[in-house]
Amino acid sequence: MIEENLVLPFTTQILGVEVSVVDFEMDDDGTLKAICKHGGKRQRIGLTDLPLPSPLPPGAQWIAAYRRWRRSRVHDDEE
C-alpha cells in the first residue's frame with residue numbers, strides 16, 4: 001500500500017542533511033526500508049526511524065499505519 005499511495009520522491013532531513021526518499025524495499029526480516037539519496041550516495045533507513053518532513057508528502061498516512069502495525073507486532077512478540 002505504501003508503494004502504491006506514497007508520492008515519491010520526497011525530501012526530508014536526516015542528521016541535518018537533506019535527502020531524497022526515492023524508493024522502498026523489504027529487508028530479509030520483513031521490515032521496510034526507505035532508500036534515501038544524497039549527493040550520488042544511497043542509504044537504507046528503517047521506515048520506523050525515518051524522520052518525516054513538514055508538510056507531510058501525499059500518502060504519508062500509510063507510513064503512520066505501517067509504524068502502528070510494527071509497534072503492535074513488537075508488543076505482541078513481548079507478551
Side-chain angles (χ1 to χ4, degrees):
M1 294 301 289
I2 290 174
E3 289 177 337
E4 295 172 12
N5 294 288
L6 183 63
V7 176
L8 294 177
F10 66 87
T11 59
T12 192
Q13 295 270 328
I14 298 176
L15 298 174
V17 176
E18 187 172 280
V19 301
S20 293
V21 178
V22 296
D23 203 0
F24 294 95
E25 64 182 37
M26 189 171 290
D27 226 355
D28 292 337
D29 64 0
T31 60
L32 284 176
K33 306 290 184 186
I35 308 301
C36 302
K37 188 175 177 183
H38 173 77
K41 296 183 181 180
R42 297 167 81 90
Q43 177 69 43
R44 297 170 58 212
I45 305 288
L47 200 53
T48 56
D49 298 321
L50 181 70
L52 293 177
S54 180
L56 294 172
Q61 67 271 21
W62 292 101
I63 294 175
Y66 173 78
R67 290 174 173 176
R68 283 191 302 275
W69 177 77
R70 287 296 301 169
R71 279 195 303 270
S72 71
R73 292 197 35 105
V74 169
H75 178 70
D76 289 346
D77 290 344
E78 293 172 353
E79 293 180 1

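Residues take their numbers from the sequence shown, with the count starting at 1.
Using a 4.5 Å heavy-atom threshold, the side chains of R44 and I35 count as touching. At a threshold of 4.5 Å between non-hydrogen side-chain atoms, the residues V21 and L8 count as touching. You'll find the side chain of I14 stays beyond 4.5 Å of the side chain of H38, heavy atoms only. Contact check for L32 versus E3: no side-chain heavy atoms found under the 4.5 Å cut-off. At a threshold of 4.5 Å between non-hydrogen side-chain atoms, the residues T12 and C36 do not count as touching.
Between V7 and P57, the shortest heavy-atom contact is O-CB, 4.4 Å. In terms of heavy atoms, Y66 sits closest to T31 at OH-CA, 3.4 Å. Minimum heavy-atom separation, T11 to S20: CG2-OG, 3.9 Å. Here the closest non-hydrogen pair linking L50 and A34 is CD2-CB, 3.9 Å. Of all the heavy atoms in Q13 and P51, the pair that sits closest is O-CG, 3.3 Å.
Remark: D29 CG is packed, more than 12 non-hydrogen atoms of other residues, nucleotides or ligands lying under 6.0 Å away.
With rounding to the nearest 0.5 Å, the separation of CD1 in I2 from CD in Q61 is 10.0 Å. In this structure, CZ in R42 is found 6.0 Å from NZ in K37, a value given to the nearest 0.5 Å.
With hydrophobic clusters built from ILVMFWY side chains whose heavy atoms lie under 4.5 angstrom apart, I63 does not share a cluster with V22. One hydrophobic cluster, built from ILVMFWY side chains closer than 4.5 Å, holds both L47 and M26.
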